[in-house]
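Convention: sequence-line order gives letters A, B, ...; per-chain numbering from 1. These values consider heavy atoms only, across backbone and side chains, with no hydrogens, waters or symmetry-generated copies.
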2 protein chains.
Amino acid sequence: MKLINKDTDCAVRAILYIAGNENNLVSTAVLNSEFNISRQFLRKTLHVLQTKKILKSVKGINGGFRLARPAGKISLIDLVRIFQGEVNLNKCFFKKKICVNVKTCPLRREVENIERYVVSRLKAVTIEQLAKKH
Amino acid sequence: MKLINKDTDCAVRAILYIAGNENNLVSTAVLNSEFNISRQFLRKTLHVLQTKKILKSVKGINGGFRLARPAGKISLIDLVRIFQGEVNLNKCFFKKKICVNVKTCPLRREVENIERYVVSRLKAVTIEQLAKKH
DNA sequence: CTTATATGTTACTAATATAGTAGCATTTGT
DNA sequence: ACAAATGCTACTATATTAGTAACATATAAG
Ligand code: FES
Ligand code: FES
């Protein structure tokens, strides 16, 4: 069971690096030399981040990426939602109607409690904070 | 992102039903008529529960399953571990060495906090408690 | 003792999610 | 014109989860 998949993981680390180089554009080539992630994988991830307006990109030679908004305004929950979808730990309750009677499902309340906690924690952590702890 | 997969879900509901019929053996046929889960799927799930000593089985006509231990001694974490493996929300840290430097991984502490909470919650909830709330 | 009915066991297929790659188009500084 | 960067999309591969099938074995009932 994973909370963070590789897309999200890759995104966090790339964004942290970019946040630490505010004055320069950061290219996938640089990130590739920095982390042990293939260039293609980085490109895929960063491209998504750009379409989701987490990053801004500049094309052409000397191009690269920079943050589209302050590091304090990017939280883990944003990235998890982009790459892994909405946090629905209680997915089983609804998807394909596994449970006949959702209302009587005994697991439901418990799982929803856990879900609320996870989301609140992921919301609370921003890139800015992670950068400080780094 | 799911916390509970269908095996676990099926197990919880079956065990709850079995716990509510302490005096009788419960067969997959009965559970199948009770829940909207195929007989084959139930068999697979219950068989695992039997090998893991959560249930005891009796073969032959009029056979079926009963709890192998008190409902208060079966918690959600047991079932999650059986069907979904150990809770390692921070799996990404180690599996196939995604991170080059685990020690400097900024996500690690946050995810581990969340993981501890989830495990403690899953440990706290027993079948006995779920049965009461039912 | 035969039979119906239950689980034991294993192997298999199908569907879905995640991970990873490839290739061409477009932009831009030199 | 060219090199080097992203834009974009389609594709393959792998792992996980979901679901099915078939045969072996045990047991109570007639
Ligand atoms: S629907 Fe999954 S536990 Fe009820
Ligand atoms: S290894 Fe996954 S966040 Fe560092």
Side-chain angles (χ1 to χ4, degrees), chain A residues 1-11 14 18 24-33 35-66 68 80 82-88 91-92 95-98, chain B residues 1-11 14 18 24-33 35-66 68 80 82-86 88 91-92 95-99:
Chain A
M1 194 189 324
K2 270 187 274 192
L3 182 64
I4 304 293
N5 73 10
K6 191 163 176 181
D7 285 331
T8 307
D9 173 85
C10 174
I18 293 168
N24 307 312
L25 289 171
V26 177
S27 68
T28 53
V30 169
L31 291 168
N32 174 244
S33 69
F35 307 122
N36 196 19
I37 306 176
S38 82
R39 207 152 159 183
Q40 288 302 327
F41 199 93
L42 282 161
R43 289 194 60 194
K44 183 177 67 169
T45 307
L46 298 198
H47 179 236
V48 171
L49 288 172
Q50 181 265 132
T51 67
K52 297 295 183 179
K53 301 188 177 174
I54 302 288
L55 297 179
K56 278 193 177 174
S57 66
V58 174
K59 280 167 120 183
I61 221 166
N62 298 330
F65 297 87
R66 60 187 168 79
V80 169
I82 286 171
F83 292 105
Q84 303 172 233
E86 190 54 53
V87 177
N88 281 129
K91 213 174 189 175
C92 64
K95 194 188 180 188
K96 290 187 185 171
K97 300 178 183 171
I98 290 173
Chain B
M1 194 191 323
K2 268 187 275 190
L3 182 64
I4 304 294
N5 71 12
K6 191 165 176 182
D7 285 331
T8 307
D9 174 86
C10 174
I18 293 168
N24 308 312
L25 290 171
V26 178
S27 68
T28 53
V30 169
L31 291 168
N32 174 244
S33 70
F35 307 121
N36 195 19
I37 305 176
S38 84
R39 208 155 158 181
Q40 286 303 326
F41 200 93
L42 282 160
R43 287 195 60 194
K44 184 177 66 167
T45 307
L46 298 198
H47 179 236
V48 172
L49 288 171
Q50 182 265 131
T51 67
K52 297 294 183 180
K53 301 188 178 175
I54 302 287
L55 296 179
K56 278 194 178 174
S57 66
V58 174
K59 281 167 120 182
I61 221 167
N62 298 329
F65 297 87
R66 61 186 167 79
V80 168
I82 287 171
F83 293 104
Q84 302 171 233
E86 190 53 53
N88 281 128
K91 213 174 188 177
C92 65
K95 194 187 178 188
K96 289 186 185 172
K97 299 179 183 172
I98 290 173
C99 252

**Request:** Answer yes or no: does a side-chain N or O of A/Thr28 lie under 4.0 Å from OP1 or OP2 of D/dA5?
**Result:** no
Nearest heavy-atom approach of A/Leu46 to A/Leu31 is CD1-CD1, 3.6 Å
In numerical order, the residues of residues 42-54 of chain A whose heavy atoms come under 4.0 Å of DNA chain C are A/Arg43, A/Lys44
Taken to the nearest whole Å, CD/B/Gln40 to P/C/dA6 is 13 Å
Does B/Asn5 make a side-chain N or O approach to OP1 or OP2 of D/dA18 shorter than 4.0 Å? yes
Phosphate contact (D/dT17 OP1 or OP2) by B/Lys2 side-chain N/O below 4.0 Å = no
Shortest non-hydrogen pair, B/Phe83 vs B/Asp7, comes out as CD2-CB, 3.5 Å
In whole angstroms, the gap separating P of C/dT7 from CG of B/Leu25 amounts to 9 Å
Atom CD1 of A/Ile37 and atom C1' of C/dT21 are separated, to the nearest Å, by 15 Å
Sorted by chain and residue number, the side chain to side chain contact (heavy atoms under 4.5 Å, CB included) partners of B/Lys59 (sequence neighbours excluded) come out as none
When every non-hydrogen atom of A/Asn62 is compared with those of A/Leu25, the smallest separation belongs to O-CD1, 3.7 Å
Closest non-hydrogen contact found for A/Ala68 with A/Lys56 is CB-CG, 3.8 Å
The helix from C/dC1-D/dG30 to C/dT30-D/dA1: angle between terminal helix axes, five bp per end, to the nearest 10 degrees, reads 0°
In whole angstroms, the gap separating C1' of C/dA19 from CZ of A/Phe83 amounts to 13 Å
note: A/Asp7, atom CG; C/dT21, atom P; distance rounded to Å ~ 13 Å
Nearest heavy-atom approach of B/Ile18 to B/Arg66 is CG2-CA, 3.7 Å
Quiz item: Between A/Lys56 and D/dG7, does any side-chain N or O lie under 4.0 Å from OP1 or OP2?
Solution: no
Across all chains, not counting sequence neighbours, the side chain to side chain donor-acceptor pair (under 3.5 Å) partners of B/Gln40 are none
Of all heavy-atom pairs linking A/Asp9 and A/Ile4, the shortest is N-CG2, 3.8 Å
note: A/Met1, atom CE; D/dA15, atom C1'; distance rounded to Å ~ 16 Å
Here the distance between atom C1' of D/dT17 and atom CG of B/Asp9, to the nearest Å, is 13 Å
At less than 4.0 Å, is any side-chain N or O atom of A/Ser57 found next to OP1 or OP2 of D/dA5? Yes or no. no
Return the polar atom pairs (N/O with N/O) between nucleotides 28-30 of chain C and the protein under 3.5 Å, or none.
none

Applying side chain to side chain donor-acceptor pair (under 3.5 Å) to A/Ser57 and not counting sequence neighbours gives none
The side chain to side chain contact (heavy atoms under 4.5 Å, CB included) partners of B/Ile61 (sequence neighbours excluded) come to none
To the nearest angstrom, the CG-P distance between A/Asn36 and C/dG20 comes to 11 Å
Would you say B/Ser38 reaches D/dT20's phosphate, i.e. side-chain N/O to OP1/OP2 under 4.0 Å?
yes
With sequence neighbours left out, the residues meeting side chain to side chain contact (heavy atoms under 4.5 Å, CB included) with A/Ala29 are A/Ser27, A/Arg39
Report yes if the side chains of A/Leu42 and A/Thr45 come closer than 4.5 Å at any heavy-atom pair, otherwise no. no
